[in-house]
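Taking it in order: structure first as structure tokens, then the write-up.
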Amino acid sequence: MEEGSTCVEGDDCRGEPPVCGAGTCVNHEPGYDCTCPMGYEDDGTTCVDIDECAGDACGVGICTNTDGAFTCECPAGSLEMDGTCVDVDECMDDLTICGVGTCMNTDLSYDCTCPMGYVDAGMTCVDVAE
């Protein structure tokens, strides 16, 4: 180094691929910080995707992680509500669903408890021909 010359901090944010990935790099002396968009987190070096499916993001549904987000596939007997899948209480939606029987909600379906003289004929009670 020549006499009278000084060292200048380089721009740590320059680089290919971008240093912070999907995020925004803020250079400072020394180093840099990453500001990450929703769905990503700073791992101390770059912005990495958060795996929302590692938790219970979809409730009773099937979760698929995507870059910065996720999608839910809701099975029969459930519906999408506020970004998650919730069990439908068929017994509350249709009070006559079991006919003369008593409806019991189950995960993603329901069962009918039938009185004497009736049988569960696959989701409703029907009279037994005595």
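Fair warning: this is a prediction, and the values are worked out from it, not measured in the lab. Computed over heavy atoms, backbone and side chain alike; hydrogens, waters and symmetry mates excluded. This chain uses plain numbering: 1 for the first residue, then up along the sequence.
Nearest heavy-atom pair across Cys91 and Met104 is SG-N, 3.5 Å. Here the shortest heavy-atom pairing between Ser78 and Pro75 reads OG-O, 2.6 Å. Minimum heavy-atom separation, Thr46 to Cys34: CA-SG, 3.9 Å. Here the closest non-hydrogen pair linking Cys13 and Val19 is O-CG2, 3.7 Å. Contact record, Glu52 with Gly39: OE2-CA, 3.9 Å, taken as the closest heavy-atom pair.
To the nearest 0.5 angstrom, Cys103 atom SG is 10.0 Å from Met92 atom CE. Note that OG1 of Thr106 and CG of Asp89 are 9.5 Å apart. Values are rounded to the nearest 0.5 Å. To the nearest 0.5 angstrom, Ile62 atom CD1 is 10.0 Å from Cys72 atom SG.
A donor-acceptor distance shorter than 3.5 angstrom exists from the side chain of Tyr32 to the backbone of Thr45, with no hydrogens or angles considered.
The side-chain hydrogen bond (donor to acceptor under 3.5 Å, both in side chains) check on Asn105 picks up Asp87, with sequence neighbours excluded. Glu80 pairs by the side chain to side chain contact (heavy atoms under 4.5 Å, CB included) definition with Cys74, not counting sequence neighbours. Every side chain to side chain contact (heavy atoms under 4.5 Å, CB included) that Leu79 has, sequence neighbours left out, goes to Met81, Val86, Val88. With sequence neighbours excluded, no residue forms a side-chain hydrogen bond (donor to acceptor under 3.5 Å, both in side chains) with Asp42. For Asn65, the side-chain hydrogen bond (donor to acceptor under 3.5 Å, both in side chains) partners at least two apart in sequence or on another chain are Asp49. Annotation: side chain to side chain contact (heavy atoms under 4.5 Å, CB included) contacts of Met123 (sequence neighbours excluded): Ser109, Tyr110.
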Exercise for review: Carefully, step by step, assess His28 and Asp33 under the rule side chain to side chain contact (heavy atoms under 4.5 Å, CB included).
Suggested key: CA-CA 8 Å; His28 55 81; Asp33 290 318; 3.1 Å; yes
Point to revise | Audit row: Cys47, Cys36, disulfide (SG to SG under 2.5 Å) steps and yes/no | key: CA-CA 6 Å; Cys47 294; Cys36 302; 2.1 Å; yes
Exercise for review: Decide side chain to side chain contact (heavy atoms under 4.5 Å, CB included) for Asp51 and Phe70; before the verdict, give the C-alpha distance in whole Å, the side-chain angles of both, and the deciding distance to 0.1 Å.
Suggested key: CA-CA 8 Å; Asp51 184 358; Phe70 66 98; over 6 Å; no
Point to revise | Stepwise disulfide (SG to SG under 2.5 Å) check, Cys112 with Cys98 | key: CA-CA 6 Å; Cys112 294; Cys98 288; 2.0 Å; yes
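Contact of the Asp107 side chain with the Val60 side chain is not registered, since no non-hydrogen atoms from C-beta on lie closer than 4.5 Å.
For the cysteines Cys85 and Cys58, the sulfur (SG) atoms lie at a distance of at least 2.5 angstrom from each other.
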